[in-house]
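Data first, discussion second: the structure below is written as structure tokens.
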Amino acid sequence: MSSKLLTKRKIYLDKTFGFTSFGVSLLFSLIFIALIVFIIYASIPGFKFYGAINILFSGQFDLSKNKVSIWLPLSITIISSTIAIIIAAPIGIKTAIFIKYRISIKWQKMSKILFELLAAAPSVIFGLFASEMLGFVLAKIFQINNSYNIIAASFMLAIMILPTIISLTLNNLNGIDHSLLTSAMVLGNSKTRAIYKVCKKECKNGITTTILIAISRAIGETMAISMILQSQMYNNVFNSGFWSILTSGLRSLGALISANMFAESAGPELQSLLFAFGVIMFILVIIINTITMQLTKKKNNVKYTWWNRFTLHVNNIIWFIPNLIKLIFEKLTFHSKISKYNTNEYIGTRVIHKKFIHLYDGWKIFWEWFSIIVTSIFLFWIIENIFINGIIAISSKYSSLVSFAKDTSGMALLNTLLIIFLTVLIGFPISLFVAIYLNEFARNNKFKSTILFFIDSLGATPSILFGMFGLIFYIQTLGWTSQGAAGKSIIAGILTILIVILPTFIRTIQQALQNVPIDLRVNSYALGASKSETIKKIVLPLAWKAITTSIVLAIGRILAETAPLYLTSGLASGSVVSLSNEGQTLTTRIYAQIYESNITKGSNIMYECAFITMVLILLIILFVNVFIPWYYQHREHKKNNATFIVDKKYKINTIKANKYG
């Protein structure tokens, strides 16, 4: 083939590759727009029937009288999320600091696996733990008659978001230059003081972002909350004082949506109202996510003065209580007539005349140990509860793990594996092409920024909103079920869960491609390779380890989801697997047991499915953290050995040739 034809072929392949990746990226953007449009469209009848003014500005909630203020369930969401953050944020930050600076790397890796197990656990498992164990214990502590209350829900949310806070704070601490710590210690500070005054302060914006992400997750939680909070008598409780609210079982906004979507009284007007509530929840989460994304963009701090002021206000609100405690501690431990504004003299005086010099270190270390102990107790309590009761449930007469009949655990496991396989099969090429376009082809910064905004917004969207979209689009509009608009189907669940995992899938693959050094691309182009050849032969092979990890993490995300599948695939399954029929998964089977009249049977089924799910998640985590690194390290070792043998033979042959030549 002539060089001219070869050049044309390379140009054609580059353009084809670029247009394909652009088209897939555009398709992803259209999916995001369609999701918003359909949910807003579905909410219009609800706003009309119940009245937008009544929904947004009234203070009553009575479905029988068509008085449905969103502020009452939204207040429960804010109260429970706030309590959860107040509990989880200080414990999570202190735990991350303890793991980073107080224990060896070996123990850090082991703790990482345990926290990832807790972070990847489905929300319904936390709901099961709270309804069976945590609520009962808290009811005894606070002398409450009902164990299904907002206090239990808040503590459960705190446990759910704790691993997120720990892992993201650790990432922020790992991103700090280690020389900052050593330099601060060289200047006379103790290690503890250097950690808190230098390292923690350096990543303060990152920790603020972490807290905002945790708030977003707490607000968006639905399924676990709906297993605990089951009352809608808002007007009776809100007039009885704050303690009555905390000890009540009033539903949060997400729990209200999930519990009433398929209620017996759920007519088209009520369903539309729930879509209206979903729109408001979506707007709230998008606002939080936008603030979070902007906080990570340092250029905004330079470009916009108003953003500096806004960021300062956000930081002041989040850090108000910690800063107040720190100020009180400073006043108690050091008194000086020297103004803090005279920095050099103040610091010099303080270093020389440190009163209670060990008190500061002891105070911080005490709370670090307290935090790691509390975190470990919750971690092992949940694992012990699920694994022991799960083993008991599998050996009970209610176990149906080896049965593949209608509504059995075996069929739920089969449906779960089918949904995972087909979702990854469809989602991987889409995610790969979008990631390639964003990382290798995108030149229009506005279009690239728009797609990234869509990706990040979808990633922060509560999963129940995806389920609502799947319900109205795939089922009620397209009728992709064997029973038309009134049924449920596995295919609707697959296409819905696909949208759920795409943002994370795209981002992790894009990061894998971004980690490939740019010099390798430049060298490839210099040798005459086209962009498509460089991507195919250089970039993808080098990024394949991280891409494999992203696939496994996507599988874990699918395994943990409940809300989207509950609304689309349903809570039951037939005796024959069919994409057009409904099919419960392991997590939706857990949720379905709250409607089981036989409490003992329902509890056994929940623990059986929870045990199977946790075992699968544990295998995924071990695969990512142990097997994949070992495999690539072993392959690299074999490759190096082969290279060494070839080099050795070459040297021997060269010596012989020179000797006898």
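Predicted model only: the values in this text are computed from it and were never measured.
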Can any side-chain N or O of [X] pair as donor or acceptor with the backbone N or O of [Y] at less than 3.5 Å?
| X | Y | result |
| --- | --- | --- |
| T496 | A492 | yes |
| Q510 | A435 | no |
| S167 | T164 | yes |
| S81 | T77 | yes |
| Q593 | R589 | yes |
| R217 | M160 | yes |
| S272 | G46 | yes |
| S43 | A276 | no |
| N385 | W381 | no |
| Q271 | L274 | no |

Rounded distance (nearest 0.5 Å) linking atom [atom1] of [X] with atom [atom2] of [Y]:
| X | Y | atom1 | atom2 | value |
| --- | --- | --- | --- | --- |
| I141 | I151 | CD1 | CD1 | 10.0 Å |
| N581 | T481 | CG | OG1 | 8.5 Å |
| T416 | I555 | OG1 | CD1 | 13.0 Å |
| S231 | L250 | OG | CG | 5.0 Å |
| I70 | S75 | CD1 | OG | 10.0 Å |
| K601 | M606 | NZ | CE | 12.5 Å |

Quick one: closest heavy-atom pair of [X] and [Y], and the distance?
| X | Y | answer |
| --- | --- | --- |
| T568 | G467 | CG2-O, 3.9 Å |
| T222 | G254 | CG2-CA, 3.4 Å |
| S573 | G583 | CB-CA, 3.8 Å |
| P503 | I455 | CB-O, 3.3 Å |
| F61 | P73 | CD1-CD, 4.3 Å |
| T247 | S244 | OG1-O, 3.3 Å |

Side chains of [Y] and [X]: any donor to acceptor distance under 3.5 Å?
| X | Y | value |
| --- | --- | --- |
| E269 | N66 | no |
| Y234 | D62 | no |
| N415 | T585 | no |

Stepwise salt bridge (Lys or Arg N to Asp or Glu O under 4.0 Å) check, R557 with E561: CA-CA 6 Å; R557 177 70 187 275; E561 282 297 337; 2.9 Å; yes

State, with a plain yes or no, whether a side-chain heavy atom of [X] is found less than 4.5 Å away from one of [Y].
| X | Y | result |
| --- | --- | --- |
| L253 | I76 | no |
| I55 | L273 | yes |
| I490 | W480 | no |
| I219 | I215 | yes |
| T587 | Y566 | no |
| K448 | L438 | yes |
| I161 | L157 | no |
| I499 | L495 | no |

Quickly, which of S123, S226, P122 forms a side-chain contact (heavy atoms from CB on, under 4.5 Å) with Y591? Name it, please.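 Among S123, S226, P122, the one that satisfies the side-chain contact (heavy atoms from CB on, under 4.5 Å) with Y591 is S226.
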
Begin from the C-alpha positions of L452 and R507 and carry the test side-chain contact (heavy atoms from CB on, under 4.5 Å) through to its verdict. CA-CA 9 Å; L452 289 174; R507 273 302 202 180; 3.5 Å; yes

Let me check something: any side-chain donor-acceptor pairs from residues 125-133 under 3.5 Å, sequence neighbours excluded? List them with distances.
from, atom 1, to, atom 2, distance (Å)
S131, OG, G127, O, 2.9
S131, OG, L128, O, 3.0

Taking atom CD1 of I599 as the centre, does the number of heavy atoms from other residues, nucleotides or ligands within less than 6.0 Å exceed 12?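 No - once you tally the heavy atoms of other residues, nucleotides and ligands closer than 6.0 Å, there are 12 at most.
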
Would you please test L567 and F466 for side-chain contact (heavy atoms from CB on, under 4.5 Å) and show each step? CA-CA 9 Å; L567 294 175; F466 294 106; over 6 Å; no

Using 30° and 60° as the class boundaries, would you call the ring planes of F32 and F282 parallel, tilted or perpendicular?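 Plane angle between 30° and 60°, so tilted.
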
Do the rings of F469 and F38 sit parallel, tilted or perpendicular, given the 30° and 60° boundaries?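 If you compare the ring of F469 with that of F38, the planes turn out perpendicular.
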
CA sep, side-chain torsions, deciding dist, call: I53, F47, side-chain contact (heavy atoms from CB on, under 4.5 Å): CA-CA 9 Å; I53 295 176; F47 279 112; over 6 Å; no

Under the criterion side-chain contact (heavy atoms from CB on, under 4.5 Å), I'd like the reasoning laid out for M411 against K406: C-alpha separation, chi angles, the key distance, then a yes or no. CA-CA 7 Å; M411 184 58 72; K406 182 179 180 181; over 6 Å; no

